[in-house]
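Presented below is the structure to which this report refers.
Note that the coordinates shown come from a computational prediction; the quantities given were computed from them, not determined experimentally.
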Number of protein chains: 2
Amino acid sequence: MNTLFKAFNDATRREILEMLKDGDMTAGDIADKFNMSKPSISHHLDLLKQADLVVAVKQGQFITYSLNMTVMDEVLAWFVQFKSSVKKEEIALPKVEKPRIRLQINKQ
Amino acid sequence: MNTLFKAFNDATRREILEMLKDGDMTAGDIADKFNMSKPSISHHLDLLKQADLVVAVKQGQFITYSLNMTVMDEVLAWFVQFKSSVKKEEIALPKVEKPRIRLQINKQ
DNA sequence: TTTTTATTTAGACATTTGTCTAAATATTTA
DNA sequence: TAAATATTTAGACAAATGTCTAAATAAAAA
């Protein structure tokens, strides 16, 4: 989980993931979309790869990156599990004194 | 989203969230569960508060922290939305040549 | 009122992170 | 084989982060 949350903790990396939703891209194509050096993007891709969020496939001199939805599902499961295991607090109702006089309305 | 993912990107903070699932706790009680100074825990609580993941209520000299599930739901929605907007790739079927000779089996 | 208790704020410091340029590697083209 | 192209690796550096101790704040107890 640590590596996963680390991967998500950067706007550039989240943008890369969003881009890959529309289809696979080469490292160069990804880098072209950012105002950032290629080595920097390469580093971000490496972190996404370490987190198993993307898969890299070398095709000749190009490297194509694609989403790995399996791991995305794991993160989702983490949050669902978290939610479901939250214990609902007993609502502490304000203590109200018993009325000494009971109003009683009788049907006619 | 940035502040949220930042909040999740630390094991101590995630542990604090897990602890609060079982019920509200004071800052001191939380700190006692960790092998870490109170100011450090206080800082983590501050980041969780900034991300709106927890709510702090002062009661006398104590401060009680509790989960804010609303924001947790937002993160969950982010992932659900992400998943649902992934375009399924057309599976590139390998190109197979048309057979020059068609095998034909006739029913008797 | 003084002391104790609960918590945060301030500031220092080491580690991690994100970015860059230069160089290395690997593949394709001339 | 030499040059061009795609990408990564190495190493430097500034900024962000997590941790600590000491001091400040605020409420409760003596």
**Report entry** Partner of B:Val86 by side-chain contact (heavy atoms from CB on, under 4.5 Å), out of A:Glu18, A:Met69, A:Met72
**Finding:** A:Met69

Requested in this report: Of all the heavy-atom pairs spanning A:Lys58 and A:Gly60, show the shortest one and how long it is.
Outcome: CE-O, 3.3 Å

Query - Nucleotide D:dG18, atom C1' - distance to NZ of B:Lys6 in whole Å - result: 12 Å

Query raised in the report: Over how many whole Å does the gap from A:Lys49 atom NZ to D:dT7 atom P extend?
Result: 12 Å

Query raised in the report: Is the side chain of A:Arg13 donor-acceptor paired with the backbone N or O of A:Phe8 at a distance under 3.5 Å, no angle test?
Result: no

Query raised in the report: How many Å lie between CD on B:Gln50 and C1' on D:dA16, as a whole number?
Result: 13 Å

Report summary line: From CZ of A:Phe34 across to P of C:dC20 the rounded distance in Å is 12 Å

Report task. Hey, which sits more toward the 5' end of DNA chain C by its nearest nucleotide, A:Lys38 or A:Gln61? Result -> A:Lys38

**Report entry** Presence of B:Thr26 side-chain N/O under 4.0 Å of C:dT7 phosphate oxygens OP1/OP2
**Finding:** yes

**Report entry** Atom pair distance, as rounded to whole Å: CD1 in B:Ile41 and P in C:dT8
**Finding:** 11 Å

Query raised in the report: Taking for each residue the nucleotide of DNA chain C with the nearest heavy atom, is it A:Gly60 or A:His44 whose nucleotide lies nearer the 5' end?
Result: A:His44

Requested in this report: Among D:dT19, C:dT21, C:dA26, find the nucleotide with the atom closest to the side chain of A:Pro39.
Outcome: C:dT21

Query raised in the report: So does B:Tyr65 get a side-chain nitrogen or oxygen closer than 4.0 Å to the phosphate oxygens (OP1/OP2) of C:dA6?
Result: no

Report task. Give A:Asp10 one of three labels, base, sugar-phosphate or nothing, depending on what nucleic acid heavy atoms sit under 4.0 Å from its own. Result -> sugar-phosphate

Query raised in the report: Phosphate oxygens OP1/OP2 of D:dT7: is one of them under 4.0 Å from a side-chain N or O of A:Ser42?
Result: no

Requested in this report: Take the protein atom CZ of B:Phe62 and the nucleotide atom P of D:dA27, then report the distance between them rounded to whole Å.
Outcome: 13 Å

Requested in this report: Search all heavy atoms of B:Met1 against all heavy atoms of A:Arg14 and return the closest pair with its distance.
Outcome: C-NH2, 4.4 Å

Query raised in the report: In whole angstroms, how far is the P atom of C:dG18 from the CG atom of A:Asn9?
Result: 7 Å

Query raised in the report: For the pair made of CG in B:Asn35 and P in D:dG18, what is the distance, rounded to whole Å?
Result: 18 Å

Query raised in the report: Which one, C:dT21, D:dA6, D:dG18, comes nearest to the side chain of A:Ser37?
Result: C:dT21

Query raised in the report: Hey, is the main chain of A:Val55 close enough, under 3.5 Å, to the side chain of A:Asn68 for a donor-acceptor pair?
Result: no

Requested in this report: For D:dC20, take OP1 and OP2 only and decide whether either is under 4.0 Å from a side-chain N or O of B:Ser40.
Outcome: yes

Report task. Looking at every strand, decide which applies to B:Leu47 at a 4.0 Å heavy-atom threshold: base, sugar-phosphate, or nothing. Result -> sugar-phosphate

